[in-house]
2 protein chains.
Amino acid sequence: MRLTSKGRYAVSAMIDLVKNQHQGAVNLAAISERQFISLSYLEQLFRRLREGGLVKSIRGPGGGYLLNRAADKISVADVIRAVDEQIQATRCVNALRGCHRGNRCDTHELWDSLGMHIYRYLDVVSLQDVAEKNVSLAAVELAPAENYPPCQPIQFDASIAAAGSGERIAAVS
Amino acid sequence: MRLTSKGRYAVSAMIDLVKNQHQGAVNLAAISERQFISLSYLEQLFRRLREGGLVKSIRGPGGGYLLNRAADKISVADVIRAVDEQIQATRCVNALRGCHRGNRCDTHELWDSLGMHIYRYLDVVSLQDVAEKNVSLAAVELAPAENYPPCQPIQFDASIAAAGSGERIAAVS
DNA sequence: TATAATCCCGACTAATTTAGTCAACTATTC
DNA sequence: GAATAGTTGACTAAATTAGTCGGGATTATA
């Protein structure tokens, strides 16, 4: 998962959907107008959202998109993961591979931990929360710290050359 | 603050400094070798670190860099802020400015909150922690949630066009 | 069955950013 | 004064992101 403006566009669009789908399928032209996102770009985003199973489409006149699950069952992380395709990190993935010539780099744990930290936040906040402006740190702090499910990959930016020899490092666990 | 590989390089270099400065100033050539970061690039990074008051330099033979404060008094956030210069976010900064034509966008709080979340993490972890691999989620969760100091700007990536009309939005508070 | 609305898809381009290099200069030690 | 090491600004290359364009497929409705 990466945090880019593409992800933000997608979240905005999905929130628009949450707020407008009660009257049936919402077409992209409408979202485009309300959210000031170009239609072509929305098409690109919704292709991914559909492939990711987050929305379903209805074609033809009167068609559009609907959420595929309830708004409180879709997390912000889900949306971002759907649109920002996962570039498989090539190194530094399994503890001892990559980093500095076979040695786990000193900062590996830091980025790992940060990634998990961000993930835990975005995975807890649902579209419903955002739509209701029910987003606060408190919500996250209440989430159980232990027995938290498998740490998911987070990638902060696109070009993540390791601090070393052009190899790739990412905050990926 | 932005999360890019430049910041990661800087953190790696600083950790190298933490581990090697006990014998006096550490020169960039040495860091370059150990961390596999090009000398020229290190020069660029350390200029900023020096300007940010995180390191001090000693010129001439035997010279190099030293931390300007104790390792447990420098946070990872300090380092990242020093090297990734702040691009002043033009809109969406003061609650009601920017976003969608004067209206605070629906996702504004989300990014605000996420930014603060990340900041709180990176601000708590010191270079000492990282050097000692003393980095865990627990460490953060122990930090006091309330009365936490002013929320600092976080910017996730470089090109953050708002989901709207090319205006700029950032997770900036 | 024609038409229009709407999603679907691939290829392409433009803009921005990041990463990194180069060359020359200044200060300090021996 | 020669070598070491930091200082600085300008420049380049690569990668990524954001966004466009043109055409195609599907379906409702008249």
Side-chain angles (χ1 to χ4, degrees), chain A residues 2-10 12-13 17 24-32 36-51 55-66 80 83-85 87 155-169, chain B residues 2-10 12-13 17 24-33 35-51 55-66 80 83-85 87 155-169:
Chain A
R2 292 180 297 170
L3 299 171
T4 69
S5 67
K6 183 186 275 188
R8 264 186 294 269
Y9 279 111
S12 291
L17 208 49
V26 180
N27 67 61
L28 294 188
I31 297 178
S32 170
F36 306 98
I37 305 172
S38 88
L39 182 57
S40 327
Y41 203 47
L42 276 177
E43 286 176 348
Q44 199 171 293
L45 296 175
F46 273 80
R47 188 198 306 195
R48 304 237 176 122
L49 293 171
R50 181 173 45 82
E51 288 166 355
V55 299
K56 56 192 163 195
S57 63
I58 298 171
R59 295 174 133 200
Y65 289 91
L66 291 169
I80 294 177
V83 297
D84 270 322
E85 81 269 15
I87 293 173
Q155 197 174 339
F156 302 115
D157 59 4
S159 55
I160 310 186
S165 68
E167 291 175 339
R168 287 187 157 262
I169 172 183
Chain B
R2 293 181 296 172
L3 299 170
T4 68
S5 65
K6 182 185 277 187
R8 263 186 295 268
Y9 280 110
S12 292
L17 208 47
V26 181
N27 68 59
L28 294 187
I31 297 179
S32 169
E33 268 191 28
Q35 302 297 324
F36 305 98
I37 305 173
S38 86
L39 181 57
S40 326
Y41 203 46
L42 277 177
E43 288 172 349
Q44 200 171 291
L45 296 175
F46 274 80
R47 185 199 306 200
R48 304 237 176 123
L49 293 171
R50 182 172 45 82
E51 288 167 353
V55 300
K56 54 191 164 196
S57 63
I58 298 170
R59 294 173 136 199
Y65 288 91
L66 291 169
I80 294 178
V83 297
D84 268 323
E85 81 268 15
I87 293 173
Q155 196 172 340
F156 302 115
D157 59 2
S159 55
I160 311 185
S165 65
E167 291 175 340
R168 287 187 157 263
I169 171 182

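The chains referred to below are lettered A, B, ... by the order of the sequence lines, with proteins before strands, and numbering in each begins at 1.
The interatomic distance linking A/Leu28 (CG) with D/dG19 (C1') rounds to 15 Å, in whole Å. The CG atom of B/Asn27 sits 12 Å away from the P atom of D/dT7 (whole-angstrom rounding). Nucleotide D/dG19 holds its P atom 9 Å from the CG atom of A/Leu45, rounded to whole Å. Distance A/Lys6 NZ to D/dA15 C1': 14 Å, rounded to the nearest Å. The nearest whole Å value for the distance from the CG atom in A/Leu42 to the P atom in D/dC21 is 15 Å. Straight-line distance from the NZ atom of A/Lys56 to the C1' atom of C/dT6: 18 Å, rounded to whole Å. Rounded to a whole Å, the CD atom of A/Glu51 is 13 Å from the C1' atom of C/dC7. Atom CD1 in B/Ile58 sits roughly 9 Å away from atom P in C/dT29 (whole-Å rounding).
Of the possible donor and acceptor atoms, one in the side chain of A/Ser32 sits under 3.5 Å from a partner among the backbone N and O of A/Ile37.
Annotation for A/Leu39 and A/Ala29: closest pair CD1-N, 3.8 Å, computed over non-hydrogen atoms. Heavy atoms only, all atoms of each residue included: B/Leu42 and B/Ile31 are closest at CD1-CG2, 3.8 Å.
Ring-plane geometry between A/Phe46 and A/Tyr65 is classed as tilted, the angle between the planes lying from 30 to 60 degrees on a 0 to 90 degree scale.
For A/Arg59, the listed nucleotide lying nearest its side chain is C/dC8; candidates were C/dC8, D/dG19, C/dA27. Ranking D/dT8, D/dT20, C/dC7 by closeness to the A/Gln44 side chain, first place goes to D/dT20. Relative to the side chain of B/Glu43, the nucleotides D/dT20, D/dT8, D/dA3 differ in distance, and D/dT8 lies closest. Looking at the side chain of B/Tyr41, the nearest of the listed nucleotides C/dT21, D/dT27, D/dT20 is C/dT21.
For D/dT20, the OP1/OP2 oxygens have a side-chain nitrogen or oxygen of A/Ser38 closer than 4.0 Å. For D/dA5, the OP1/OP2 oxygens have no side-chain nitrogen or oxygen of B/Arg50 closer than 4.0 Å. Regarding contacts with the backbone of C/dT6, every side-chain N or O of A/Ser57 stays at 4.0 angstrom or more from both OP1 and OP2.
Comparing A/Gly62 and B/Gly62, the nucleotide of DNA chain D nearest to each residue sits closer to the 5' end for B/Gly62. The 5' end of DNA chain C is approached more closely, in terms of each residue's nearest nucleotide, by A/Gly63 than by the other of A/Gly63 and A/Arg47.
Using a 4.0 Å heavy-atom criterion, one finds that A/Tyr65 contacts the sugar-phosphate atoms exclusively.
In the displayed structure, A/Glu51 atom CD is contacted under 6.0 Å by more than 12 heavy atoms of other residues, nucleotides or ligands.
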